[in-house]
Amino acid sequence: MELPIFEKLSQLVNEKAISLHVPGHKNGTIGRIKNLDFKMDMTEITGLDDLHHPEDIILQSMQHCRKHPDYNAYFLINGTTSGILSVIQSFSKRNGDYLISRNVHKSVFHGLDIVQQPADILAMTKSRDSDQYLGPDVHNMKFNHQKLAIVTYPNYYGECFDINEFVDRAHSEAIPVLVDEAHGAHFNLDHFPKSALESGADYVVQSYHKTLPALTMGSILFIHKNAPLKDEIVRYLGYFQTSSPSYLVMASLELAHQFYVDYDSSIFLEKRKQLIDTLNKTGLTTVCVSDPLKLLIQYPGYSGFEIQTWFEKLGIYVELADDKQVLLVLPLWHEDDTYPFEALLNKITYLNLPVRSTHKPMSSIQLPVDEGKYFPSENGEVTWMHIDHAEHSILAAHIIPYPPGIPVYLKGERITRNMIKLMREYLQKGDKVEGIKNEKILVKDE
């Protein structure tokens, strides 16, 4: 039997690939992840408690993982998605629509599809640095007795908006708030942005595995002491998570949280400066964003996909590439880490960049920023149709560039010429796009 997954992973390990991507343990070189032992992969035997009815060691562990006195922590071993789905499901019996930012993760749309209820889409602002969605247009938000607001903070690229103002405005309209802080598990460390936990949001979900040294799928849902439907949400966590939770993932969450509590950011700041200086010396442009853990790397006249290939030829793997840049997710370097920092700097000095091109201006893809409405619906009969022939048809599946996994066009929207042009741009630029297969998309039969 062939073992393609195992063999590819083994190849990357043997090649000593350097990680500038998630998860935060960076191939086991950051934190105490190596203290885990596969012998710890056990089930709910005597003394090991039960995640779905915690009374002993799991309950104690979650209590130790509190980051703010107003919040209780709940382990998620099916990733942040399971927390998002549980909160959305819990509000399904309340009157009113949901309220979402346009850049919510696809899991939010999946949650809306499950409950078969609509959402108002907030108008958005865009970042001048990344050309991506930054956050809701807080000053022009419209409320209409929505039952739950869902926003992403920070965005995938490490950029922040005023989450305090957003939460305050929603709460002034008696609307509870769920913050998808997947990429901010390290927030509140010295010299890093403030967490949404400081805003008084009702629910904050963090992907520990993305930026802290935890195993993939290890996340935590924080529920405010005054948040509505607490018991209902906890009940749905049992629905959306496996009945056989991984003790390795839970133990890694413990280790990652202790790492967070003990962390001293001084070494990180020193090494980050060294890395930026080395990148700048090659001629690359480094763009610093709100989160110091993220760096955008650009090179005039060349796309992020081209920059990505230059790094990968040297065995350096980035988090993502788009038409403008690559995104680096830095390690939380610490005193006794084993991250190959000197090897990284040395490899970067071997980058052989082409001449900067002033004749190849990179036009950023135009994202829709206006407010809108999402109506989940059953598709019925659907057909694969070539995108060039799809104008006026109705989309039967979201169009989702991945990463970052944010739908650009939504199932149920009628296809316009501009939408076709955007899909063509994604394909020409080499983006990986869910919803497009061999230049065809799913449309409803009418």
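From H21, atom NE2 reaches atom CG of L330 across 12.5 Å, with rounding to the nearest 0.5 Å. We find the OG-NZ distance between S266 and K271 to be 11.0 Å, quoted to the nearest 0.5 Å. One finds the CD1 atom of I100 at 13.0 Å from the NE2 atom of H105 (value rounded to the nearest 0.5 Å). Atom OG of S303 sits about 8.5 Å away from atom CG of D322, to the nearest 0.5 Å. Taken to the nearest 0.5 Å, the CZ atom of F240 stands 11.0 Å off from the OG atom of S107. With rounding to the nearest 0.5 Å, the separation of CG in L327 from CD in E319 is 6.0 Å.
A donor-acceptor pair is defined here as one N or O able to donate and one able to accept, closer than 3.5 Å; no such pair exists between the side chain of Q308 and the backbone of V318. Listed for the R102 side chain is a donor-acceptor partner under 3.5 Å among the backbone atoms of D370. No side-chain donor-acceptor contact under 3.5 Å links N346 to the backbone of E342. When atom types are taken as modelled, the side chain of Y74 and the backbone of G83 share no donor-acceptor pair closer than 3.5 angstrom. The backbone N or O of D129 sits less than 3.5 Å from a side-chain atom of K324, completing a donor-acceptor pair. Formation of a donor-acceptor pair under 3.5 Å by the Y98 side chain with backbone atoms of I88 is found in this model. Side-chain atoms of Y260 come within 3.5 Å of backbone N or O of F187 as a donor-acceptor pair. For the pair T125 (side chain) and D137 (backbone), a donor-acceptor distance under 3.5 Å is absent.
Salt-bridge annotation for D336 and R32: present, with a side-chain N of the basic residue lying under 4.0 Å from a carboxylate O of the acidic one. The pair D231-R235 does not meet the salt-bridge criterion, since no charged nitrogen lies less than 4.0 angstrom from a carboxylate oxygen. Ion pairing between K142 and D120 fails under the 4.0 Å rule for side-chain N and carboxylate O. Using a 4.0 Å cut-off between a side-chain N of Lys or Arg and a carboxylate O of Asp or Glu, K373 and D97 qualify as a salt bridge.
The shortest distance between side-chain heavy atoms of N78 and T242 falls below 4.5 Å. For the pair L215/L36, a side-chain contact is recorded, criterion being any heavy-atom separation below 4.5 Å from C-beta on. Side-chain contact between Q241 and H52 is present, with at least one heavy-atom pair separated by less than 4.5 Å. For the pair I441 and L395, the minimum side-chain heavy-atom distance is below 4.5 Å. Using a 4.5 Å heavy-atom threshold, the side chains of L48 and I57 count as touching. In this structure, I163 and V151 have side chains that are in contact, with non-hydrogen atoms separated by less than 4.5 Å. Counting only heavy atoms from C-beta outward, the side chains of L122 and F166 approach each other to under 4.5 Å. Looking at Y133 and E159, their side chains never come closer than 4.5 Å, going by heavy atoms from C-beta outward.
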Practice problem: Decide salt bridge (Lys or Arg N to Asp or Glu O under 4.0 Å) for D277 and K273; before the verdict, give the C-alpha distance in whole Å, the side-chain angles of both, and the deciding distance to 0.1 Å. | Solution: CA-CA 6 Å; D277 289 344; K273 184 180 185 304; 3.0 Å; yes
Quiz prompt | Steps toward side-chain hydrogen bond (donor to acceptor under 3.5 Å, both in side chains) verdict (N27, T29) | solution = CA-CA 6 Å; N27 300 337; T29 63; over 6 Å; no
Practice problem: Could you go through the side chain to side chain contact (heavy atoms under 4.5 Å, CB included) check for C288 and L295 one step at a time? | Solution: CA-CA 6 Å; C288 298; L295 282 180; 4.0 Å; yes
Quiz item: After noting the C-alpha distance and the side-chain angles of V408 and L422, does the key distance pass the side chain to side chain contact (heavy atoms under 4.5 Å, CB included) rule?
Solution: CA-CA 9 Å; V408 174; L422 177 63; 3.4 Å; yes
Practice problem: Assess whether side chain to side chain contact (heavy atoms under 4.5 Å, CB included) is satisfied between E173 and M141, documenting all intermediate values. | Solution: CA-CA 11 Å; E173 300 288 333; M141 292 192 301; over 6 Å; no
Exercise. Apply side chain to side chain contact (heavy atoms under 4.5 Å, CB included) to S127 and Y157, showing your working.
Key: CA-CA 10 Å; S127 163; Y157 292 71; over 6 Å; no
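Annotation for I220 and L76: closest pair C-CD1, 4.1 Å, computed over non-hydrogen atoms. Considering every non-hydrogen atom in both D113 and P376, the closest pair reads OD1-CB, 3.3 Å. S252 and I33 make their closest contact through CB-CD1, 4.0 Å (heavy atoms, listed as atom of the first residue, atom of the second, distance). Residues I18 and P340 share a closest heavy-atom pair of CG1-CG, 4.0 Å. The minimum heavy-atom distance linking C160 with L134 is given by the pair O-CD1, 3.7 Å. The two residues P228 and F91 come nearest to each other via the heavy atoms CG-CZ, 4.0 Å.
Using modelled atom types, one finds a donor on one side chain and an acceptor on the other under 3.5 Å when comparing N280 with T286. For the residue pair D262 / Q258, a side-chain donor-acceptor distance below 3.5 Å is found, with atom types taken as modelled.
Between H398 and F109, the ring centre distance stays below 6.0 Å.
Taking the six-membered ring where tryptophan is involved, the planes of F259 and Y263 are tilted, since the angle between them lies from 30° to 60°. Using the six-membered ring where Trp is involved, H257 and Y208 have ring planes that are parallel, under 30° apart on the 30 and 60° scheme.
The side-chain hydrogen bond (donor to acceptor under 3.5 Å, both in side chains) test with S195 singles out one residue from K67, E181, H186, and that residue is E181. Here the options are I58, D41, L51, the test is side-chain contact (heavy atoms from CB on, under 4.5 Å), and the partner is Y247; only I58 passes.
Around atom CG of N352, no more than 12 heavy atoms belonging to other residues, nucleotides or ligands sit under 6.0 Å away. In the displayed structure, E335 atom CD is contacted under 6.0 Å by at most 12 heavy atoms of other residues, nucleotides or ligands. Other residues, nucleotides and ligands contribute at most 12 non-hydrogen atoms within 6.0 Å of the CD1 atom of I5.
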